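Here's the structure we're looking at; comments come further down.
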2 protein chains.
Amino acid sequence: MIVGQQSRGRPATRVPAGEKFSARRMLPQISEATTNRLSVYLRCLNELDAEGIRTVSSKMLAERFDLNAAQIRKDLAHFGELGVRGVGYYVRDLKRQLRHILGLDRRLKVAIMGAGNLGLALADYPGFFREGFRIAALFDNFHEKIGQHSRAGVPIYDIKDLRKITVRERIMIAVIAVPLSSAQTVVDKIVAAGIKAILNFSPGALRTPEDVKLKTVDLTVLLESLSFYLARGNGAADA
Amino acid sequence: MIVGQQSRGRPATRVPAGEKFSARRMLPQISEATTNRLSVYLRCLNELDAEGIRTVSSKMLAERFDLNAAQIRKDLAHFGELGVRGVGYYVRDLKRQLRHILGLDRRLKVAIMGAGNLGLALADYPGFFREGFRIAALFDNFHEKIGQHSRAGVPIYDIKDLRKITVRERIMIAVIAVPLSSAQTVVDKIVAAGIKAILNFSPGALRTPEDVKLKTVDLTVLLESLSFYLARGNGAADA
DNA sequence: TTTTGTGAACTAGTTCACAGCT
DNA sequence: AGCTGTGAACTAGTTCACAAAA
């Protein structure tokens with residue numbers, strides 16, 4: 001692939017089919033699936049590094065972690081020539097590169113909306129937030145809770161102060177752990193506070209502006225999907 | 001998006017193209033994406049039903065809930081002629097059908113492995129388990145916890161008794177909320193107890209037999225993926 | 001008419017296979 | 001030799017567009 005062409009200052013209102021670079025920032029468009037795998041690769045590399053392994057080939061990675069070698073190479077190749085032909089990838093080096101690509105070299109701060117059971121559990125979950133993240137705040141609107149801390153010491157603030165704390169603490173990601181009934185309201189507040197990335201645990205669809213990234217973990221959908229599998233797998237359609 | 005389980009090397013029992021299923025054994029293969037959407041459709045129908053709406057067309061559903069009309073029709077058509085041409089779908093009727101298809105008319109019982117913060121939060125999360133599920137048990141190996149209950153009253157059992165309780169209570173789904181270090185061990189116990197569907201919150205890959213359905217919610221991957229989008233500035237909405 | 005159900009067309013994503021570099 | 005990076009081939013998934021039915 002020839003990369004030089006995109007620097008011609010083309011207005012690029014409409015991206016021709018097959019064009020690899022988005023109009024917006026001239027960066028190649030990376031699919032959700034690829035993004036998720038980058039995170040998986042980083043975890044694998046951490047494991048290899050801990051074992052003292054210095055270099056790894058895509059084939060080795062694929063066999064050990066049940067992935068596809070060509071896919072690993074293709075995913076990584078989006079970000080330049082990260083490997084060395086005839087050798088493979090330097091574990092330490094690739095780790096560092098991936099951490100940079102994923103933006104994990106910035107110690108991103110996270111706020112959790114809702115200091116209920118789930119919010120508090122997420123705030124304190126050890127090993128949930130690996131390297132690169134810090135839970136800086138919990139937010140709630142229940143007066144009894146405001147001013148308290150989670151067991152691990154995350155302070156609970158009034159949701160009214162979201163914008164102020166967000167600016168002060170430089171919070172970049174919000175996690176939604178509030179009941180469905182207030183989820184959209186909370187999203188609107190998050191957006192108004194200038195946060196651009198949201199991880200949502202409430203069920204159902206939420207509206208966000210174009211430039212805010214929303215990821216939803218819908219536990220109901222997950223569970224119902226498992227139920228579907230059981231209903232079919234059993235062959236016990238009628239019982 | 002949720003990083004599903006890589007079901008690598010599944011020979012994918014091929015149904016001849018165009019062949020319609022006739023018996024229970026020859027069920028059409030339904031994709032993960034379709035399965036998840038069925039759950040979403042059911043939620044939409046519940047909302048419409050609550051508003052007293054009696055019939056709905058795929059177009060109406062699509063516009064209101066930001067879906068694609070053809071996709072709705074195609075998804076539903078897998079399960080027979082659920083609609084009426086010129087009319088649309090009868091809300092109540094389709095709801096009932098979907099509940100049956102998803103196996104929600106059986107009140108499935110769920111066990112949660114790990115009575116830590118996350119396990120307890122999941123056990124009591126209101127509105128998490130909508131219609132069709134019941135959290136029947138928590139399991140842990142920490143003696144202090146065994147014999148206690150969650151705040152909402154879910155009993156905590158010794159993980160040694162998993163098989164016994166599973167049989168007695170007819171538990172069909174297990175949720176993994178234990179630390180990574182013991183996740184594989186717990187999976188093995190779940191499998192040995194005869195449970196065929198697992199929702200996993202621990203990071204990393206787990207091995208399960210062919211006939212056990214595993215869905216993983218990897219919070220680290222989700223968060224790192226959000227970090228990636230922030231690092232690039234590619235905004236985009238969720239699905 | 002309206003709206004479903006569905007082949008066809010299209011799009012996205014994965015895997016193959018090999019040219020080219022070390 | 002070994003292994004990456006990548007076009008080509010393939011597979012899965014989505015959307016279109018229209019015939020068939022109410």
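None of these values were measured; they are calculated from a predicted model. Convention: sequence-line order gives letters A, B, ...; per-chain numbering from 1.
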So if I take residues 47-66 of chain B and measure heavy-atom distances to DNA chain C, which residues fall below 4.0 Å? B:S57, B:S58
Please report, rounded to the nearest Å, how far the C1' atom of D:dT4 is from the CG atom of A:L94. 13 Å
Measuring to OP1 and OP2 of D:dT4, would you say a side-chain N or O of A:Y90 lies under 4.0 angstrom away? no
For B:D66, side chain to side chain donor-acceptor pair (under 3.5 Å) partners two or more places apart: none
B:Q29 CD - D:dG13 P separation (whole Å): 10 Å
Whole angstrom is fine here: how far is it from CG in B:L82 over to P in C:dG5? 7 Å
Pairing residues for A:T166 by the side chain to side chain donor-acceptor pair (under 3.5 Å) criterion, not counting sequence neighbours: none
Give B:T34 one of three labels, base, sugar-phosphate or nothing, depending on what nucleic acid heavy atoms sit under 4.0 Å from its own. nothing
Report, as yes or no, whether the 6.0 Å neighbourhood of atom CZ on B:F65 holds more than 12 heavy atoms from other residues, nucleotides or ligands. yes
Applying side chain to side chain donor-acceptor pair (under 3.5 Å), can you list everything that pairs with B:S182, at least two apart in sequence or on another chain? none
Any side-chain heavy atom of B:V212 sitting closer than 4.5 Å to one from B:V187? no
Nearest-Å distance for atom pair NE2/P, residues B:H78 and D:dA12: 13 Å
Do the side-chain N or O atoms of B:Y89 get closer than 4.0 angstrom to the phosphate oxygens (OP1, OP2) of C:dT2? no
Mind checking A:L76 for me? I need base, sugar-phosphate or nothing, with any heavy atom below 4.0 Å counting as a touch. nothing
Holding to side-chain contact (heavy atoms from CB on, under 4.5 Å), I want the full list of residues that pass it with A:E51, two or more places apart in sequence or in another chain. A:E47, A:I53, A:R64
In whole angstrom, give the distance that lies between atom CD1 of B:I72 and atom P of D:dG13. 18 Å
Between atom CZ in B:R37 and atom P in D:dT15, what is the gap in whole Å? 8 Å
Taking C-beta and beyond as the side chain, do A:S227 and B:R99 meet within less than 4.5 Å on heavy atoms? no
In whole angstrom, what separates A:Q71's CD from D:dC10's P? 18 Å
With a 4.5 Å cut-off on side-chain heavy atoms, are A:I173 and B:Y229 touching? no
Determine, for nucleotides 16-22 of chain D in 5'-to-3' order, which nucleotides have protein heavy atoms under 4.0 Å from the base (write B), from only the sugar-phosphate (write S), or from neither (write -). BB--BBS
Value in whole Å for how far the P atom of C:dG13 lies from CG of A:N36: 12 Å
Please step through side chain to side chain donor-acceptor pair (under 3.5 Å) for the pair B:Q184 and B:D188, ending with a clear verdict. CA-CA 6 Å; B:Q184 185 61 58; B:D188 296 343; 2.9 Å; yes
